[in-house]
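The structure under discussion appears below in the form of structure tokens.
This is a predicted model, so every value here is computed, not measured. As a basis for the values below, the full set of heavy atoms in this structure was taken, side chains included, without hydrogen atoms, waters or symmetry mates. Chain naming here is simple, since letters A, B, ... match the order of the sequence lines and numbering starts at 1 in each.
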Amino acid sequence: MNYWLIKSEPLAFSIDDLNHQPKKTTYWDGVRNYQARNTLRDEMKKGDLVFFYHSNCTPPGIVGIVEVVKEGYPDYTAQDPNSDHYDPTATSDNPRWYMVDVQLKQRFSQMISLDELKQIPGLESMKILQRGNRLSVTPVTAAEWKIISAMA
DNA sequence: GCCAACGTTGGC
DNA sequence: GCCAACGTTGGC
């Protein structure tokens, strides 16, 4: 079992949006970065738990927990000219981009803000706290998971 | 809105 | 294959 953190801009797709999806489940489309793509395609496994992070908002922070319910498969929105995430180089033979499905497990009653995360001993090496980190999918260690989930 | 970080593109 | 230009991310 592995742990992860995914970012979303709440104006684009928030944890409340996820809460209102059928079965509280969505496909996690639109990742257009190779490193994150590889994580989605190769590493995220069914049953893995994932922190849901709101980025580019005030304040940013972790707002809940989701679970991987479907492992990596082609992100077909890349082949849809009407999609915001359209990529003309993606084809059914070579889909280029991948996604997983996630289901909401827990919506924190209170966000754990980035400010708070920065102050907690043991989280210093979290990817999300590194300056300039822009990856939308990052690994979380078991120790980090334990600390953060105990705060919720 | 600013700007640092950093991934991607494309000319050479 | 180098690297400058450019675009995007995301905290502040």
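The separation between Leu11(A) atom CG and dG11(C) atom P is 13 Å, rounded to whole Å. In this structure, Gln130(A) places its CD atom 13 Å from P of dC12(C), rounding to the nearest Å. Leu114(A) has its CG atom 10 Å from the C1' atom of dG10(C), to the nearest Å.
Applying the ring pair (Phe, Tyr, Trp, His ring centres under 6.0 Å) criterion to Phe52(A), with sequence neighbours excluded, gives Trp28(A), His54(A). Annotation: ring pair (Phe, Tyr, Trp, His ring centres under 6.0 Å) contacts of Trp4(A) (sequence neighbours excluded): none. Considering only residues two or more places apart in sequence or on other chains, Tyr27(A) meets the ring pair (Phe, Tyr, Trp, His ring centres under 6.0 Å) condition with Tyr76(A). Under the rule for a side-chain hydrogen bond (donor to acceptor under 3.5 Å, both in side chains), Asp80(A) has no partner lying at least two apart in sequence or in another chain. Every residue two or more places apart in sequence or in another chain was checked for a ring pair (Phe, Tyr, Trp, His ring centres under 6.0 Å) with Phe108(A), and none qualifies.
Listed by residue number, the members of residues 73-90 of chain A with any heavy atom below 4.0 angstrom from DNA chain C form an empty set.
A stem is defined here as three or more consecutive Watson-Crick or G-U pairs, each with both distances under 3.5 Å; for DNA chain B these stems are B:1-12 with C:1-12.
Of the candidate nucleotides dG10(C), dG11(C), dT9(B), dT9(B) has the atom nearest to the side chain of Arg96(A).
Side-chain contact between Met99(A) and Tyr73(A): present, with at least one pair of heavy atoms (C-beta onward) separated by less than 4.5 Å.
Along DNA chain B, the nucleotide nearest Asn56(A) and the nucleotide nearest Gly132(A) are compared for position; the residue whose nucleotide lies closer to the 5' end is Asn56(A).
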Could you list the donor-acceptor pairs under 3.5 angstrom formed by side chains in residues 6-19 of chain A, with sequence neighbours left out?
| from | atom 1 | to | atom 2 | distance (Å) |
| --- | --- | --- | --- | --- |
| Lys7(A) | NZ | Asn133(A) | O | 3.3 |
| Lys7(A) | NZ | Leu135(A) | O | 3.3 |
| Ser8(A) | OG | Phe13(A) | O | 2.5 |
| Glu9(A) | OE2 | Asn56(A) | ND2 | 3.4 |
| Ser14(A) | OG | Asp16(A) | N | 3.2 |
| Ser14(A) | OG | Asp17(A) | N | 3.1 |
| Ser14(A) | OG | Asp17(A) | OD2 | 3.3 |
| Asp16(A) | OD1 | Arg107(A) | NE | 2.7 |
| Asp16(A) | OD1 | Arg107(A) | NH2 | 3.2 |
| Asp16(A) | OD2 | Arg107(A) | NH2 | 3.4 |
| Asp17(A) | OD2 | Ser14(A) | N | 2.8 |
| Asn19(A) | OD1 | Lys24(A) | NZ | 2.9 |

Side chains of residues 120-129 of chain A: which donor-acceptor partners sit under 3.5 Å, not counting sequence neighbours?
| from | atom 1 | to | atom 2 | distance (Å) |
| --- | --- | --- | --- | --- |
| Glu124(A) | OE1 | Gly122(A) | N | 2.9 |
| Glu124(A) | OE2 | Gly122(A) | N | 3.2 |

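Each salt bridge (Lys or Arg N to Asp or Glu O under 4.0 Å) pair with one or both residues in residues 53-69 of chain A, not counting sequence neighbours, appears once here: Glu67(A)-Lys105(A). Screening residues 28-38 of chain A for salt bridge (Lys or Arg N to Asp or Glu O under 4.0 Å) gives Arg32(A)-Asp75(A) as the qualifying pairs, with residues at least two apart or on separate chains.
Regarding contacts with the backbone of dT9(C), every side-chain N or O of Lys7(A) stays at 4.0 angstrom or more from both OP1 and OP2.
A donor-acceptor contact shorter than 3.5 Å is absent between the side chain of Gln119(A) and the backbone of Glu116(A).
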How does protein contact run along nucleotides 2-8 of chain C, one letter per nucleotide 5' to 3', with B for base contact, S for sugar-phosphate only, - for none, heavy atoms under 4.0 Å? -----BB
